[in-house]
Every structure is written in structure tokens, then in C-alpha cells.
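Step one of this worksheet: look at the structure below.
Small disclaimer: the values here were computed from a predicted structure and weren't measured.
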Amino acid sequence: MRSDLTDDDRRFAARLLACRTSAALSRQKLANAAQLSAATIKFLENGRMKPSARTVLRLMNVPSLGLVTDDLPVALRETIKGLLAQRPATPPEYRVSCSSRGA
């Protein structure tokens with residue numbers, strides 16, 4: 001793991017892995033759905049990469065992953081909430097954190 005990662009970043013890494021596993025997604029399938037590389041997913045899960053707002057937003061756009069703002073590092077939550085608020089209005093989607101799916 002990188003030494004500059006915060007405890008929040010480490011929790012997010014574990015959360016991402018738990019959500020991906022719970023959703024039965026391979027790294028490649030998640031990467032394809034989020035328009036990221038499989039290496040990015042691997043580096044995030046292993047704590048070799050700090051999550052950026054852009055990357056987290058792409059991950060949150062994968063409904064089956066089930067990430068919610070409470071799963072994110074605190075430092076990114078307000079930025080992500082602001083970006084999510086800028087989206088065009090669409091019917092609300094029922095999202096369940098992967099923790100409530102038994103992960």
C-alpha cells in the first residue's frame with residue numbers, strides 16, 4: 001500500500017473490493033462498466049492508487065456495484081455530491097449499499 005493513503009482511502013479500497021465481490025463482478029467487467037482499466041480497479045483495491053473524484057464518480061455510475069456516498073472517503077464526498085447534483089434529472093434509482101447485501 002502507498003504510504004500517503006489515509007485510513008479513509010484504505011477503507012474505500014476494502015469497500016470497493018467487498019462491493020465488487022458481492023456484485024459478482026470481475027475486475028474486467030467492473031472496469032468495462034465504469035469505463036476504467038482493470039489495472040485501475042486492481043490498484044484501487046490493493047491501495048496502490050488514491051481514488052480520484054473522476055474515478056469514484058465512474059464507479060458510482062455502475063448500479064450493480066452499489067456504492068453510495070457513505071462508502072467514499074470523506075475528502076471526496078462533497079465533491080461527488082456536487083457532481084451528482086449536476087446530473088440531468090432522471091427517475092430515482094433504488095440503490096442499496098453492498099453492506100446491506102451481506103458483504
Side-chain angles (χ1 to χ4, degrees):
M1 285 210 175
R2 286 175 45 163
S3 61
D4 65 333
L5 292 180
T6 65
D7 287 342
D8 258 0
D9 293 333
R10 288 181 183 91
R11 278 190 290 278
F12 176 73
R15 195 85 187 112
L16 176 59
L17 176 60
C19 287
R20 181 178 64 79
T21 303
S22 177
L25 291 170
S26 68
R27 284 183 180 144
Q28 188 61 58
K29 285 183 181 179
L30 176 56
N32 292 345
Q35 298 178 326
L36 297 167
S37 71
T40 296
I41 303 302
K42 178 181 178 179
F43 293 159
L44 286 169
E45 290 178 347
N46 292 334
R48 292 179 56 199
M49 174 186 228
K50 282 184 79 68
S52 70
R54 177 184 161 273
T55 299
V56 168
L57 187 60
R58 286 181 179 225
L59 291 168
M60 290 189 72
N61 284 327
V62 179
S64 60
L65 188 59
L67 281 178
V68 295
T69 52
D70 287 346
D71 295 328
L72 309 181
V74 173
L76 291 177
R77 287 181 190 173
E78 290 306 313
T79 301
I80 296 299
K81 285 179 184 178
L83 292 171
L84 291 172
Q86 294 175 11
R87 286 183 177 172
T90 57
E93 182 179 311
Y94 181 68
R95 294 184 76 144
V96 177
S97 174
C98 65
S99 63
S100 59
R101 287 185 269 169

Shortest non-hydrogen contact between [X] and [Y], atoms and distance:
X	Y	answer
L67	C19	CD2-SG, 4.0 Å
A38	A31	N-CB, 3.5 Å
S64	A23	O-CB, 3.2 Å

Checking [X] now: which residues fulfil side-chain hydrogen bond (donor to acceptor under 3.5 Å, both in side chains) with it, not counting sequence neighbours?
X	result
S37	T40
T6	D9
E78	none

By salt bridge (charged side-chain N to carboxylate O under 4.0 Å, His left out), which residues pair with D7, not counting sequence neighbours?
R10
Salt bridge (Lys or Arg N to Asp or Glu O under 4.0 Å) contacts in which one or both residues fall within residues 21-44, not counting sequence neighbours
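For residues 21-44: R27-E45.
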Report yes if some heavy atom in the side chain of L30 is under 4.5 Å from a heavy atom in the side chain of L16; otherwise report no.
yes
Roughly how far, to the nearest 0.5 Å, is the [atom2] atom of [Y] from the [atom1] atom of [X]?
X	Y	atom1	atom2	result
T69	K81	OG1	NZ	5.0 Å
M49	F43	CE	CZ	7.5 Å
F12	L17	CZ	CG	11.0 Å

Only one of N46, L36, L25 clears side-chain contact (heavy atoms from CB on, under 4.5 Å) with I41; which?
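For I41, the side-chain contact (heavy atoms from CB on, under 4.5 Å) test succeeds with only one of N46, L36, L25, which is L36.
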Quick check: is L76 connected to L84 through a chain of hydrophobic side chains (ILVMFWY, heavy atoms under 4.5 Å apart)?
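Linked within one cluster.
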Are L65 and I80 connected in the hydrophobic side-chain network, where two residues link if heavy atoms are under 4.5 Å apart?
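Yes; I80 is reachable from L65 via cluster members.
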Determine all donor-acceptor pairs shorter than 3.5 Å in which one atom belongs to a side chain in residues 53-60; sequence neighbours excluded.
unit_1 : atom_1 : unit_2 : atom_2 : d
T55    : OG1    : S52    : OG     : 3.0
R58    : NH1    : Q35    : O      : 2.6

Under 3.5 Å, is there a donor-acceptor pair between the side chain of R15 and the main chain of D71?
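A pair under 3.5 Å: no.
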